[in-house]
Visitor: 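Here it is: the structure, laid out below.
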Amino acid sequence: MDPPNGLPFTNEQLDEAGLLGEGVSERAAQAMKTMAERPDLLNLSLFALQCMNSPRKSISPPVSPTLSDASTALSTPPIALNTTAVDPYSPSDWERTTYYHGICSDPPKLLYRSDLLDNPFPKPVGRHGHLPTKKSMRGVYATPLNPVWHTVGPQICDILKTRKIRFSGIDTARFVTHREDNKDSLGPVVIWISTYPNTTTAKDAHDASIDILALLEANGVKGVVVEWWEAVVVML
């Protein structure tokens, strides 16, 4: 397919991400069309579009963000994370490494999610536990978030910068869980935040998520989940 005019990416970037030509999925093509025609309603990163396009490909999350301020994000030095302290906001090692199973061949690791306590992640049973059912990624359409995203998106950036969080991108997404009984389930709207490795604790993410959810509710958006993951920094 030819890329729609008005996308915030060059043809070279789209081609490298596998988002040009005949092999582009209908979901990714529709997302790019919406981004070009209504950037106020949908604004996704290349990584999010890649996840929508082909979960089977090997994908490395790019550094370029959907919403970010690179100068602010890079100005704060990495922090030394205390890996021995008990953090009630951190997911288990199993959840951290398998939560995004299926969205691509090398899925990102979960840092924190705002519904961690209300929506427990199932753990494997027995000595030979199986991987959880696969997920795939969808865009966010026709929800209360869409008409206010052009307002709350920059405000979410401000919240992260005020808290000195080194984020590399903010996406909006919904995840489909593909169950073994072929009854797929569509999850809630997710504010999907990527951070630079070893710079943000789950407690940092928890505290910022409280502010983000309060902002969304003040703008009439309820039932959203804030999920955080660590991006991979690619040295060029």
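None of these values were measured; they are calculated from a predicted model.
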Visitor: Residues in salt bridge (charged side-chain N to carboxylate O under 4.0 Å, His left out) with D207, at least two apart?
Guide: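 Testing D207 for salt bridge (charged side-chain N to carboxylate O under 4.0 Å, His left out), a comparison that skips the adjacent residues, returns K203.
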Visitor: Partners of T177 by side-chain hydrogen bond (donor to acceptor under 3.5 Å, both in side chains), sequence neighbours excluded?
Guide: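 T177 satisfies side-chain hydrogen bond (donor to acceptor under 3.5 Å, both in side chains) with no residue once adjacent residues are dropped.
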Visitor: I'd like to know if Y141 and M32 are part of one continuous hydrophobic network [Ile/Leu/Val/Met/Phe/Trp/Tyr, side-chain heavy atoms within less than 4.5 Å].
Guide: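 Yes.
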Visitor: Specify the closest pair of heavy atoms between H178 and S136, including all atoms of both residues, with the distance to one decimal.
Guide: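 Closest pair (atom of H178, atom of S136, distance): NE2-OG, 2.7 Å.
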Visitor: Could you grab the distance from atom CZ of F9 to atom CG of L20, nearest 0.5 Å is fine?
Guide: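 Those atoms lie 12.0 Å apart.
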Visitor: If you look at every heavy atom in I165 and A208, which pair is closest and at what distance?
Guide: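 In terms of heavy atoms, the two residues are closest at CD1-CB, 3.8 Å.
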Visitor: What's the spacing between E227 CD and Y112 OH if we round to 0.5 Å?
Guide: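 Result: 10.5 Å between the selected atoms.
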Visitor: Which value, rounded to the nearest 0.5 Å, describes the distance between D171 atom CG and L49 atom CG?
Guide: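 Taking CG in D171 and CG in L49, the distance rounds to 8.0 Å.
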Visitor: Is it possible for you to say whether V176 and W192 belong to one hydrophobic cluster, with membership spreading through side-chain heavy-atom contacts below 4.5 Å?
Guide: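 No, separate clusters.
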Visitor: Sequence neighbours excluded, which residues qualify as side chain to side chain contact (heavy atoms under 4.5 Å, CB included) partners of T162?
Guide: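 T162 satisfies side chain to side chain contact (heavy atoms under 4.5 Å, CB included) with no residue once adjacent residues are dropped.
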Visitor: Any chance CD of E16 has more than 12 other-residue heavy atoms, nucleotides or ligands included, within less than 6.0 Å?
Guide: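 No, not enclosed.
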Visitor: Of all residues at least two apart in sequence or in a different chain, which pass the side chain to side chain contact (heavy atoms under 4.5 Å, CB included) check with Q155?
Guide: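 If we apply the side chain to side chain contact (heavy atoms under 4.5 Å, CB included) test to Q155, skipping adjacent residues, the hits are T151, V152, L215, N219.
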Visitor: Among all residues two or more places apart in sequence or in another chain, which pass the side-chain hydrogen bond (donor to acceptor under 3.5 Å, both in side chains) test with S90?
Guide: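 Applying side-chain hydrogen bond (donor to acceptor under 3.5 Å, both in side chains) to S90 gives D87.
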Visitor: Go through the structure and list residues passing salt bridge (charged side-chain N to carboxylate O under 4.0 Å, His left out) with D184, not counting sequence neighbours.
Guide: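 With neighbours one apart ignored, the set is empty.
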Visitor: Using the side-chain hydrogen bond (donor to acceptor under 3.5 Å, both in side chains) criterion, which residues pair with R174? Sequence neighbours excluded.
Guide: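 Partners of R174 under the side-chain hydrogen bond (donor to acceptor under 3.5 Å, both in side chains) test: none.
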Visitor: Does any pair with a residue in residues 13-32 pass ring pair (Phe, Tyr, Trp, His ring centres under 6.0 Å), and if so which ones, sequence neighbours excluded?
Guide: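 Residue pairs passing ring pair (Phe, Tyr, Trp, His ring centres under 6.0 Å), neighbours aside: none found.
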Visitor: To the closest 0.5 Å, what do you measure between CD1 (I193) and CG (L111)?
Guide: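 Answer for the CD1-CG pair, I193 versus L111, is 10.0 Å.
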Visitor: Going by the rule side chain to side chain contact (heavy atoms under 4.5 Å, CB included), which residues pair with L110 if we only count those two or more places apart in sequence or in a different chain?
Guide: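 By the side chain to side chain contact (heavy atoms under 4.5 Å, CB included) rule, L110 matches P91, E95, Y99, Y100, R113.
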Visitor: Using the test salt bridge (charged side-chain N to carboxylate O under 4.0 Å, His left out), find all partners of R96 that sit at least two apart in sequence or belong to another chain.
Guide: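 Expected list: D93.
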Visitor: Restricting to non-hydrogen atoms, name the atom on S209 and the atom on A205 that form the minimum distance, rounded to 0.1 Å.
Guide: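 Where S209 meets A205 most closely, the heavy atoms are OG-O, 2.7 Å.
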Visitor: If Ile, Leu, Val, Met, Phe, Trp and Tyr residues are connected whenever their side-chain heavy atoms lie under 4.5 Å apart, and connections chain through other members, are V221 and W149 in the same group?
Guide: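 Yes, V221 and W149 fall within the same hydrophobic cluster.
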Visitor: Check the pair T195 / R166 against side chain to side chain contact (heavy atoms under 4.5 Å, CB included), numbers first and verdict last.
Guide: CA-CA 6 Å; T195 65; R166 293 186 64 199; 6.0 Å; no
Visitor: Counting distance only, does the side-chain N/O of T98 pair as donor-acceptor with the main-chain N or O of H101 below 3.5 Å?
Guide: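 No.
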Visitor: Heavy-atom distance under 4.5 Å between the side chains of I191 and L145, does that happen here?
Guide: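 Of all side-chain heavy-atom pairs linking L145 with I191, at least one is under 4.5 Å.
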Visitor: Locate the shortest heavy-atom distance separating P144 from P147; write the atom from each residue and the value.
Guide: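 P144 and P147 have their closest heavy atoms at O-CD, 3.5 Å.
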Visitor: Checking Q30 now: which residues fulfil side-chain hydrogen bond (donor to acceptor under 3.5 Å, both in side chains) with it, not counting sequence neighbours?
Guide: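 With neighbours one apart ignored, the set is T34.
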Visitor: Nearest 0.5 Å, please: how far is CZ in R163 from CG in D204?
Guide: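 These two atoms lie 8.5 Å from each other.
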Visitor: Can you tell if the side chain of D15 reaches within under 4.5 Å of the side chain of T10, non-hydrogen atoms only?
Guide: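 Heavy-atom side-chain distance check fails, nothing below 4.5 Å.
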Visitor: Closest approach of V224 and S114, non-hydrogen atoms and distance?
Guide: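 Residues V224 and S114, closest heavy atoms: O-OG, 4.4 Å.
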Visitor: Ignoring hydrogens, what is the shortest heavy-atom contact between P108 and I103? Give both atom names and the distance.
Guide: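 In terms of heavy atoms, the two residues are closest at CD-CD1, 3.8 Å.
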Visitor: Distance check, rounded to the nearest 0.5 Å: H206 atom NE2 versus T200 atom OG1?
Guide: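 H206 NE2 to T200 OG1: 15.0 Å, rounded to 0.5 Å.
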Visitor: Given the side-chain rings of Y89 and W228, with only the six-membered ring counted for Trp, is the space between their centroids under 6.0 Å?
Guide: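 Ring centroids of Y89 and W228 are no less than 6.0 Å from each other.
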Visitor: Got a sec, which residues hit side chain to side chain contact (heavy atoms under 4.5 Å, CB included) with S194, two or more places apart in sequence or on another chain?
Guide: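 Here the qualifying residues are S168, W229, A231.
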